[in-house]
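For the single chain, residues carry numbers from 1 onward in sequence order.
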Amino acid sequence: METYRLKNIAIVLLLLLNSSLLLLVGYQQLQERRTEQETAQRLRELCEASQLTLSGGLDLTSQPLTALALSRRAETEQAMASSLLGSEAVAASQGGGIYSYEAETGAIQFRAGGSFYGSRMAAPVQDVRAFCQEFFQQFGYEDPQFQVEEGTGTVAASQKVGGVDVAGSGVTLSFDRGMLVSVTGAHVSLDSASAEADEAEMTCVTALVRFLDYRNASGVVCSEVRDVRCVYQLQGGASPRLLPAWQIETDTNTYFVDCRTGEVTGR
């Protein structure tokens, strides 16, 4: 009987402890929300004092992304070159991290940092729109912009990885009377990507404060921030990386705030 009572007491104590922990966690979350709301309100007041309006739909609590180190994918490069050139492309090293993928209709060179280009190409294309849409779908490009008439013109598209925009990673295809004559762009793959330890996480609010300081110091003309989101910027070189930045869309232009350095640049 005594053992039974001790077990019941132990159970009651555990239940009380769990309840106390839940209350503590709930209180901490409530305090965090209050702090976020107060910080957001102070930011809006600071912007209003400088005649800058923040759209009511902005999520000022959104979190920054994690920097990613990328690995080169030779098989993806060859597949892209073959698709663009219309036949199996043969790889050849040019030194310095540059690989050329050649076929009868031309050659496309890829650098270690993910960028690629091809000129003096002559790859026949029956239907420019269908050709581009198939290529974009296969290799993860979105939002195509067609400026083509009668088989002549350009088509550009951007890239996302994991649903996140990548500034600096896109492609432009040029056509002349039904021939693909040049291509330039960059491509990113998350295969074998690895997360890097963040040097410092920049919050959305901090990024907007940096932008406000930049606006006031540089004389940038804008009156409203319409959207803010964390995106990736492609850093090329021998060891390519995806680095997080806050993209700030205003009523006049789009700006980026580097999450590591706080530097503000315009598109």
Side-chain angles (χ1 to χ4, degrees), residues 57-59 62-73 76-77 79-85 108-119 121 123 125 127-149 152-175 180-191 193 204 207 211 225-237 240-259 263-267:
L58 297 182
D59 181 9
S62 56
Q63 299 300 307
L65 298 167
T66 300
L68 299 174
L70 305 177
S71 298
R72 188 169 191 173
R73 304 282 296 179
T76 301
E77 296 177 359
M80 291 178 66
S82 298
S83 178
L84 291 170
L85 295 172
I108 300 176
Q109 295 184 331
F110 282 77
R111 296 183 179 275
S115 63
F116 59 89
Y117 61 93
S119 60
M121 299 164 54
V125 176
D127 186 328
V128 170
R129 182 172 291 270
F131 172 84
C132 291
Q133 288 177 337
E134 181 178 354
F135 177 78
F136 296 156
Q137 183 177 6
Q138 183 177 358
F139 296 104
Y141 294 100
E142 302 182 13
D143 303 323
Q145 304 295 318
F146 289 87
Q147 296 182 347
V148 179
E149 290 186 8
T152 298
T154 61
V155 184
S158 56
Q159 191 183 10
K160 293 184 178 181
V161 292
V164 178
D165 292 324
V166 180
S169 182
V171 62
T172 299
L173 308 177
S174 298
F175 299 87
L180 176 61
V181 295
S182 70
V183 57
T184 182
H187 187 266
V188 170
S189 173
L190 291 185
D191 294 338
C204 179
F211 171 70
V225 173
R226 296 178 173 175
D227 188 33
V228 58
R229 68 186 68 180
C230 201
V231 301
Y232 279 123
Q233 290 184 315
L234 175 61
Q235 181 187 72
R241 305 160 70 199
L242 289 179
L243 302 178
W246 288 100
Q247 177 179 291
I248 299 175
E249 295 182 13
T250 74
D251 54 332
T252 59
N253 201 1
T254 299
Y255 299 88
F256 296 92
V257 182
D258 191 303
C259 284
E263 180 183 5
V264 182
T265 55
R267 174 177 288 176

Separation of T254 OG1 from I248 CD1 (nearest 0.5 Å): 10.0 Å

Would the number of heavy atoms belonging to other residues, nucleotides or ligands and lying under 6.0 Å from CD of E263 be above 12? no

Decide yes or no on side chain to side chain contact (heavy atoms under 4.5 Å, CB included) for F211 and V228, but give the supporting numbers first. CA-CA 11 Å; F211 171 70; V228 58; over 6 Å; no

Using every non-hydrogen atom in the two residues, find where L190 and G162 come nearest and quote the distance to one decimal. CD1-N, 4.1 Å

Please identify which of these residues, D165, V231, V166, meets the side chain to side chain contact (heavy atoms under 4.5 Å, CB included) condition with K160. D165

Taking atom CG of L242 and atom CG of L65, what is their separation to the nearest 0.5 Å? 9.5 Å

Can you tell me how far apart CD1 (I108) and CE (M121) are? Round to the nearest 0.5 Å. 4.0 Å

Q233 and Q235 side chains, donor-acceptor separation under 3.5 Å: no

Looking at every heavy atom in both G168 and A186, which two are closest together, and how far apart are they? O-CB, 3.7 Å

What is the distance from atom OH of Y232 to atom CG of L70, rounded to the nearest 0.5 Å? 9.5 Å

Would you find a donor on one side and an acceptor on the other, under 3.5 Å apart, between the side chain of Q159 and the backbone of V188? yes

For a side chain to side chain contact (heavy atoms under 4.5 Å, CB included) check, start with the C-alpha distance between H187 and R73, then their side-chain angles and the critical distance, and finish with the verdict. CA-CA 10 Å; H187 187 266; R73 304 282 296 179; over 6 Å; no

Closest heavy-atom pair, D127 versus A130, reported as atoms and distance to 0.1 Å, is OD1-N, 3.1 Å

Rounded at 0.5 Å granularity, tell me how far CE in M80 sits from CZ in F110. 4.5 Å

Checking L173 against V128 for the side chain to side chain contact (heavy atoms under 4.5 Å, CB included) test, could you report, in this order, the C-alpha distance in whole Å, the side-chain angles of both residues, the deciding distance, and whether it holds? CA-CA 10 Å; L173 308 177; V128 170; over 6 Å; no

Close side-chain approach of T152 to F175, heavy-atom, < 4.5 Å: no

Tell me, do P144 and C132 make a side-chain contact under 4.5 Å, heavy atoms counted? no

How far apart are the C-alpha atoms of F116 and E77, what are their side-chain angles, what is the distance that settles it, and do they pass the side chain to side chain contact (heavy atoms under 4.5 Å, CB included) test? CA-CA 9 Å; F116 59 89; E77 296 177 359; over 6 Å; no

If you define the side chain from C-beta out and look only at heavy atoms, does anything of F131 sit under 4.5 Å from L84? yes

Using 30° and 60° as the class boundaries, would you call the ring planes of Y141 and F135 parallel, tilted or perpendicular? parallel

So, using side chain to side chain donor-acceptor pair (under 3.5 Å) as the criterion, who are the partners of S158 when residues are at least two apart? none

Flag side-chain contact, heavy atom, 4.5 Å: F139 against V171: no

Spatial distance of atom OH (Y117) from atom OG (S182) [nearest 0.5 Å]: 13.0 Å

